[in-house]
Amino acid sequence: MEFKVRHGNFLKSSNSTNKMMKHLIISLIPIILFAFYKNGILPYIHGYTNVYQLFKPLIMVILSCLTCFFTEYCFYKYVTKDHKNFKDLINNTYSIIPGIFLSLILPVNTSLLILIIGSVFASFIGKLVYGGFGHNIFNPALVGRLFVIASYGAVIMSSGGYYNIYESVDAVTSATPLANLSSLNYVGSYEEVVYPYGSLLDLFLGKMPGALGEVSKLLIILAFIYLVCNKVLKWRISISYLFTVFVMSFIIGIINGEGLWYPTFHILTGGLMFGAVFMATDPVTSPISNSAGVVYGICLGILTIFFRFLTPYPEGVLSSILFMNLLVPIFNNYTIKNHNKNKCAPLIIFVILAILLSCYIGFNIKNNDNASKKDEYLQVINETVMGNTYTYDIKYKGFTSKESIEATVTIQNDYIIDIMITNTLDHYYDSHIKNTTYIKDIINNQNNLDNVDTISGATYTSSYLKEMTKSILKYHGDKYEK
């Protein structure tokens, strides 16, 4: 039997994994320096902080990297008995990468102890238990952030949340841009939605509250261009992701009479752009083919819009990427089995789904009688009348329908003189509002409640407290109006 050997078609690239990771770190350096300037240098030169707070952004990045590094070192030395040296951990397992990303997607007010715990969790649960680099199913940094926010979110928000000390001087009770939008039922004028944070240009440059590395869209775009030019990034995922969110929010905005600024606002706020460029394109946890990458990006956009508009939870980008990470094997399997077949069918299906979901959300917002819906949240359990003093025992919606707020409201001469929260399962009230002057501010400004800002970290709960006050005043007026 004669064996014939033929030369196959092989593609060789000089762009090794090691070089890709070096380019990735280089692209993040300006973002890290901007985080240092915004959250460290700027408050320091205005006299609002000390030397520790000045360097805290850099300390967070370095500490998270070191924690992830030593977590992998201990894992390989004591668990697998694979005695990797420091050089192997840096050049072959890329142990510091999850640490860099985790520090950049957390608020500046995250304590160092919480950061260490989150870094260990990200490295061990998000990466090592699956077999290390190249075998993890989920993005390790996002796993770490999910753990930190779920376990210690209330602690972080009570310490200032996303606001550095310079920003919080004049914005103690202000919400983040997306939280402010949700409190407006997702529609509002430019002055209501954007103006509290400056302008769209300010959002683009990073002059707004947010996680360390997520705020400067300009630097993220420059990093994106650098990574694409060096063939590090799966740019189709990023572009299709951002384009889907833009088009869907554009449709929602058009239905509700909003201008082009509305979808632009959605692109420039939250962790969307950082997630689209750095998190969604992780080579280990994203599809292998270009066509699957486009569909993957569209699905991410659909899920992000779904989480932003149809759920009360703030982690839309994080939840979308982690959920889609779970489906990557399906995308890859479909691509392999159907590589010679028509690849347009999945694309068309998800494009139609995106349009239909946008129309549904848009018309749902437009047709929603927001005032009457909020009045329906009010339940008057008992009322007592003594002369011109009326006391109402009421129940109102909290963060979720199961976390209602019970209160006793006293009205005298058609004016609220006291609001006492008697019982609630809403943990955001206990952790963010209970020990503040927020209830007193509501009473003092009951004739103009729209001027009372919601509380960062408890946007929904503080917003519902305002609406509760409006509803009981309306109820009292309708019943006893003379």
Applying side-chain hydrogen bond (donor to acceptor under 3.5 Å, both in side chains) to Lys397 and Ser404, what does each step give before you reach the verdict?
CA-CA 5 Å; Lys397 177 180 172 62; Ser404 59; over 6 Å; no
Leu326 CG to Ile321 CD1 distance, which is reported to the nearest 0.5 Å:
14.0 Å
Got Leu300 and Phe323 here, is their nearest side-chain heavy-atom distance under 4.5 Å?
no
Below 6.0 angstrom between ring centroids: does that apply to Phe309 and His266?
yes
Is the shortest side-chain N to carboxylate O distance from Lys127 to Glu72 below 4.0 Å?
yes
Starting at OH of Tyr44, measure out to CG of Leu54 and round the result to the nearest 0.5 Å.
6.5 Å
Which heavy atom of Tyr438 sits nearest to which heavy atom of Ser462, and what is that distance?
OH-O, 2.8 Å
Between Phe121 and Ile117, is there a side-chain heavy-atom distance shorter than 4.5 Å?
no
Flag, side chain of Ser123 to backbone of Val120, donor-acceptor distance under 3.5 Å
no
Determine all donor-acceptor pairs shorter than 3.5 Å in which one atom belongs to a side chain in residues 138-152; sequence neighbours excluded.
residue: Asn139; atom: OD1; partner: Ala141; partner atom: N; Å: 3.1
residue: Asn139; atom: OD1; partner: Leu142; partner atom: N; Å: 3.3
residue: Arg145; atom: NE; partner: Glu315; partner atom: OE1; Å: 3.1
residue: Arg145; atom: NH1; partner: Ile105; partner atom: O; Å: 2.2
residue: Arg145; atom: NH2; partner: Tyr162; partner atom: OH; Å: 2.9
residue: Arg145; atom: NH2; partner: Glu315; partner atom: OE1; Å: 3.0
residue: Arg145; atom: NH2; partner: Glu315; partner atom: OE2; Å: 2.8
residue: Ser151; atom: OG; partner: Phe147; partner atom: O; Å: 3.0

On a heavy-atom basis, which atom in Ser240 and which in Gly297 lie closest, and how many Å separate them?
OG-CA, 3.2 Å
Looking at OG of Ser199 and CG of Asp202, how far apart are the two atoms once the value is rounded to the nearest 0.5 Å?
3.5 Å
With side-chain contact (heavy atoms from CB on, under 4.5 Å) as the criterion, how do Glu258 and Tyr186 come out once you've worked through the C-alpha distance, each side chain's angles and the decisive distance to 0.1 Å?
CA-CA 11 Å; Glu258 307 290 2; Tyr186 302 103; over 6 Å; no
Donor-acceptor side-chain pairing of Ser320 and Tyr241 below 3.5 angstrom:
no
Is the Phe34 ring parallel, tilted or perpendicular to the Tyr37 ring (thresholds 30°, 60°)?
tilted
Looking only at atom types and distance, does a side-chain atom of Asn39 sit under 3.5 Å from a main-chain N or O of Ala35, one as donor and one as acceptor?
yes
Contacts of Tyr296 that satisfy side chain to side chain donor-acceptor pair (under 3.5 Å) - sequence neighbours left out
Asn325
If you compare all heavy atoms of Val351 against all heavy atoms of Ile298, which two are closest, and at what distance to 0.1 Å?
CG2-CD1, 4.2 Å
Check whether any side-chain heavy atom of Ser319 sits under 4.5 Å from a side-chain heavy atom of Leu303, and report yes or no.
no
Can you establish whether the number of heavy atoms outside Tyr52 located under 6.0 Å from its atom OH is more than 12?
yes
Within a strict 4.5 Å, meaning less than it, do heavy atoms of the Ile221 and Met273 side chains meet?
yes
Residues Thr269, Tyr197; criterion side-chain contact (heavy atoms from CB on, under 4.5 Å); working and verdict:
CA-CA 11 Å; Thr269 50; Tyr197 309 95; over 6 Å; no
Measuring only between side-chain heavy atoms, which start at C-beta, is Ile25 closer than 4.5 Å to Ile100?
yes
Any side-chain heavy-atom pair from Ile252 and Ile305 closer than 4.5 angstrom?
yes
How many angstroms lie between CD in Gln53 and CD1 in Ile41, if you round to the nearest 0.5 Å?
14.0 Å
By side chain to side chain donor-acceptor pair (under 3.5 Å), which residues pair with Tyr226, not counting sequence neighbours?
His23
Between His135 and Tyr130, the two heavy atoms sitting closest are CB-O, 3.2 Å
Roughly how far, to the nearest 0.5 Å, is NZ of Lys234 from CG of Leu227?
13.5 Å
Phe274 vs Val317 side-chain heavy atoms within contact, under 4.5 Å
no
All N/O donor-acceptor pairs, side-chain side in residues 352-360, below 3.5 Å, sequence neighbours left out:
residue: Ser358; atom: OG; partner: Ala354; partner atom: O; Å: 2.7

Mark yes or no for whether Tyr94, through its side chain, and Asn18, through its backbone, hold a donor-acceptor pair below 3.5 Å.
yes
Taking every non-hydrogen atom, the tightest pair across Phe69 and Ser95
CD1-OG, 3.2 Å
Evaluation steps, side-chain contact (heavy atoms from CB on, under 4.5 Å), between Leu212 and Leu106
CA-CA 6 Å; Leu212 283 180; Leu106 287 176; over 6 Å; no
A quick test of your reading: do over 12 heavy atoms of other residues, nucleotides or ligands sit less than 6.0 Å from CZ of Phe75?
yes
Whether the side chain of Lys217 engages the backbone of Glu214 through a donor-acceptor N/O pair (distance < 3.5 Å, no angle test) should be reported.
yes
Are the side chains of Lys38 and Met208 in touch, meaning some heavy atoms are under 4.5 Å apart?
no
Closest non-hydrogen atom pair between Ala280 and Ser286, with its separation
O-CB, 3.5 Å
Is there a donor-acceptor pair closer than 3.5 Å between any side-chain N or O of Asn256 and the backbone N or O of Val187?
no
List, one per line, each side-chain donor-acceptor pair under 3.5 Å for residues 57-67, sequence neighbours excluded.
residue: Ser64; atom: OG; partner: Gly99; partner atom: O; Å: 2.9
residue: Ser64; atom: OG; partner: Ser119; partner atom: OG; Å: 2.9
residue: Thr67; atom: OG1; partner: Leu63; partner atom: O; Å: 2.8

Around atom CZ of Phe243, are there more than 12 heavy atoms from other residues, nucleotides or ligands closer than 6.0 Å?
no
Can you sort out the partners of Thr285 under side chain to side chain donor-acceptor pair (under 3.5 Å), two or more places apart, ordered by chain and number?
Asp282
Steps toward side-chain contact (heavy atoms from CB on, under 4.5 Å) verdict (Thr436, Ile433)
CA-CA 5 Å; Thr436 69; Ile433 302 175; 4.1 Å; yes
side-chain hydrogen bond (donor to acceptor under 3.5 Å, both in side chains) between Thr281 and Ser238, intermediate numbers included
CA-CA 7 Å; Thr281 58; Ser238 302; 4.8 Å; no
Distance check, rounded to the nearest 0.5 Å: Leu272 atom CG versus Arg308 atom CZ?
5.0 Å
Quick check: Phe278 with Phe101 (ring centres under 6.0 Å apart)?
yes
What do you reckon, are the aromatic ring centroids of Tyr262 and Tyr190 less than 6.0 Å apart?
no
